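Since the structure is predicted, the reported quantities are computational estimates derived from the model, not experimental observations. Convention: sequence-line order gives letters A, B, ...; per-chain numbering from 1.
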Amino acid sequence: MLRSLKLEPEKCTGCLQCEMACSYEQEGVFNPAKSRIKVFTFHHEGVFAPYTCTQCDEAWCMHACPVDAIVINAATGSKDVLNDVCVGCKVCTIACPFGTVNYNQDTGKVIKCDLCGGDPACARACPTEAITYVDADQTGLERMRAYAAQSAQISPGS
Amino acid sequence: MAWTGKILRVDLSSGTCAAEALNMEWATQYLGQRGLASKYLSEEIDPKVDALSADNKFIMVTGPLTGTMASTGGRYSVVTKSPLTGTIACSNSGGFIGAEMKNAGWDMIIFEGRASTPVYLYLENEKAELLPADDLWGLSVWATDEALHKKHQDPQLRIACVGRSAEAGCLYAGVINDLHRAAGRSGVGTVMASKNLKAVAVRGTRGVGNIKDPVGFMQATQAAKQVLADNAVTSQGLPTYGTQVLMNVINEVGAMPTRNMREVRFEGASHISGEAMHEPRKSDGKPNLVTNAACFACTIACGRISTIDKGHFTVKNKPEYWGASGGLEYEAAWALGSDTGVDDLDALTYVNFLCNEDGFDPISFGATVAAAMELFDIGALTAEHTGGLEMRFGSAEALTRAAELTMTGEGFGKELGLGSKRLCEKYGHPELSMTVKGQEFPAYDPRGIQGMGLAYATSNRGACHLRGYTVSSEIMGIPEKTDPLVTEGKAGLVKAFQDATAAVDSAGLCIFTTFAWTLADIAPQIDAACEGGWTMEKLAEVGERIWNLERDFNLAAGLTGKDDTLPKRLLKDAANTGPAAGRVNELDKMLPEYYELRGWNAEGVPTASTRQRLGL
């Protein structure tokens, strides 16, 4: 079963534990600036929203890469960057419509979410379950349930 | 080691920035943050200096756990000499700038001297430069934040700055970071402004590494997070209601200082409580509270994000206040509400916004307004003095107008900006100032919580709840329940809380973790991150060393044991209602024992053997 990261802004408190977990897993230091997942604060609305790569099937980044440095991980479905192949041309950062592939000036390569090989550190670190790693076919299940409850006039928590 | 080992020294007089190595011997004696910067300050300035002169220094400091995955590991402090109290001041703040400083590679920034014209520090990793801030001077905190983000074209820049209140000389101006987190007490922002330093803008991309035992650290921090997640206060009470969870509780036990501490219960408490912030308002059906919010790395998330009713008289024609921003914490709600007798939640939220917008301490401000209201009530202060403002208890109009004047130091706001002590002295009634060492009280009446009276009287920065929060034990039973109306055993309790708090602050952690954590949860996290063998015992000893260092600073600054006291009202006038009815604070029963336990002589001076034991 493939899994996807499910992001729920309404549960996020903006603590950045996910960004630290990501950078620690990937870089060995606590460094939000190098995190593959980012939390955005919409101050006037009082909203915190985590965002990262959705692992598109026909990934723009992968198709745009001129040296085939972005490949599919068969086990997780993630699109992974092969560091020793990447030439740092940044074409993938232009191609990605969501902005989730970014250049790392310290290494001269691009970085993006690789689902930590199937056990994403961000989901493990999130204290409020705003980030979970769930069945890729069922990311809408809870939202459907909430609306189903509404149509049946049941309070969502029950 | 989790320290970066680097200090940035900024000479504002000559306009130079230089890196230097952290004194690691001091780091092992004082840990970091509050303790370490207090050591630097003590070594580098004469405690007798005028706090607003170029001879004072202004230090921004992180702890070894700041910037790590330890829960709440994002705290930083501002350490300087206070213009409000004349004591050493350490004001602690969350938000994100502390972690950003650490990510940029710095444990501490020491500002010295005074710039001839307004400047701000721009810090991008190793690059540090002082840039002109003439165009920022005269702007609010919020406008400064926006202008700097725009100028540097960097949405990820973290900014700490002072607002117009500090520029106007308000003696309780704070340093605001990330729009609504504050190093709020004791006038540390006033010192920053006196140096012509408007802002510090930081961008750090180096990360925090150097953890002594990374695997052990991840295990220790994970275990400690689980403790927070399993505790009802830190996993439910604080996220749901914030510190405002206390409003109804403290009112119930008759320790809610009301109308300048004339009374100990506020009849309007339920209108301004954490619960009230959840209730849908009549006009638009939305609650005051939009969401809770976390500071960097915090898995508790007690922060309040609120809105004001658009139809409320304070913001009716001011759309700039219609968005969400930092909402009421318990201390602000109490000082702006109960202490002034105002129970209008929207009015309090509006004033809270102004306190953030222009950087002044809502506790000292609210308590000063309360003092002004009592002076007005007895006829010592009249509308002639206030420029027509009718300073009546319970008047939301008076409170909100007073805030609008204080934020820029206009008219009567200039006098309110000097604090309760100076105001009451000026109008001939010093006894009506509810202060210790010149700093206004926080939200716990020491007649109903005896230990807090001793904690206030002996606090090294004047009246303060964050130096020894025995409310934990006396009211909430954490770590064990003591009777709030009893004085026996409180000297030891206060000392233990003061020492432990100094250690927690110095690690870079938030004191709110101690609703769930003890030093037994904290020590393994520090020990896995830092060299030096950090046991519970060592942390308690470091805390005690810090406490005595701060005490020594204050004694050298000219304070004496005579300053370890409370206003007469709390020592002579009994509480009028509630469980503490008929009680005063019995400080005289606790203070001598406290001095003895501290190893101080009868005048409150640390003895030679105490100094020797602590390596002072």
Subject >> Audit row: B:W322, B:T307, side chain to side chain contact (heavy atoms under 4.5 Å, CB included) steps and yes/no >> reply: CA-CA 7 Å; B:W322 291 356; B:T307 56; over 6 Å; no
Original post:
For B:H152, which residues count as a ring-ring contact (aromatic ring centres under 6.0 Å, His included) partner, sequence neighbours excluded?
Top reply: B:Y120, B:Y122
Subject >> Residues forming a ring-ring contact (aromatic ring centres under 6.0 Å, His included) with B:Y350, sequence neighbours excluded >> reply: B:Y321
**OP:** Supply the atom-to-atom distance A:T100 OG1 to A:W60 CH2, rounded to the nearest 0.5 angstrom.
**Re:**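 Here the interatomic distance stands at 10.5 Å.
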Original post:
When rounded to the nearest 0.5 angstrom, what is the spacing between CG in B:L345 and CG in B:D309?
Top reply: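 Spacing of CG (B:L345) from CG (B:D309) equals 10.0 Å.
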**OP:** Given salt bridge (Lys or Arg N to Asp or Glu O under 4.0 Å), test B:K310 with B:D284 step by step and report yes or no.
**Re:** CA-CA 9 Å; B:K310 289 174 191 169; B:D284 59 3; over 6 Å; no
Chain A heavy atoms under 4.5 Å from [X]: which part of the residue, side chain, backbone, both or neither?
| X | value |
| --- | --- |
| B:A2 | neither |
| B:N292 | both |
| B:E100 | neither |
| B:I300 | neither |

Subject >> Chi angles and distances behind the salt bridge (Lys or Arg N to Asp or Glu O under 4.0 Å) call for B:K6, B:D107 >> reply: CA-CA 6 Å; B:K6 265 172 59 191; B:D107 288 318; over 6 Å; no
For chain A, the option from [options] that forms the most heavy-atom pairs under 4.5 Å:
| options | result |
| --- | --- |
| B:S325, B:G207, B:A324 | B:A324 |
| B:H180, B:Q222, B:R203 | B:H180 |
| B:T205, B:T291, B:V208, B:I305 | B:V208 |

**OP:** Kindly say whether the aromatic ring centers of B:H278 and B:Y241 come within a distance under 6.0 Å.
**Re:**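 Between B:H278 and B:Y241, the centre distance is under 6.0 Å.
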**OP:** Flag the pair A:K79 / A:N73 as yes when at least one side-chain heavy-atom distance between them is below 4.5 Å, and no otherwise.
**Re:**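 No, every pair of side-chain atoms sits at 4.5 Å or beyond.
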Original post:
Is there side-chain contact between A:V110 and A:N104, with at least one heavy-atom pair below 4.5 Å?
Top reply: no
Original post:
Is there any residue in residues 223-240 of chain B with a non-hydrogen atom under 4.5 Å from a non-hydrogen atom of chain A, and which ones are they?
Top reply: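 B:K225, listed by number.
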Original post:
Looking only at heavy atoms, which of residues 6-35 of chain A get nearer than 4.5 Å to chain B?
Top reply: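 Contacts with chain B: A:T13, A:G14, A:C15, A:L16, A:Q17, A:M20, A:A21, A:Y24, A:V29, A:F30, A:N31, A:P32, A:A33, A:K34.
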**OP:** Establish, yes or no, whether the cationic atom of A:K38 lies under 6.0 Å from the six-membered ring centre of A:Y51 and within 45° of the ring axis.
**Re:** no
**OP:** Quick one: do A:D114 and A:S78 satisfy side chain to side chain donor-acceptor pair (under 3.5 Å)? Show the steps, please.
**Re:** CA-CA 5 Å; A:D114 64 0; A:S78 67; over 6 Å; no
**OP:** Indicate yes or no: does A:R3 engage A:D135 in a salt bridge with an N to O separation below 4.0 Å.
**Re:** no
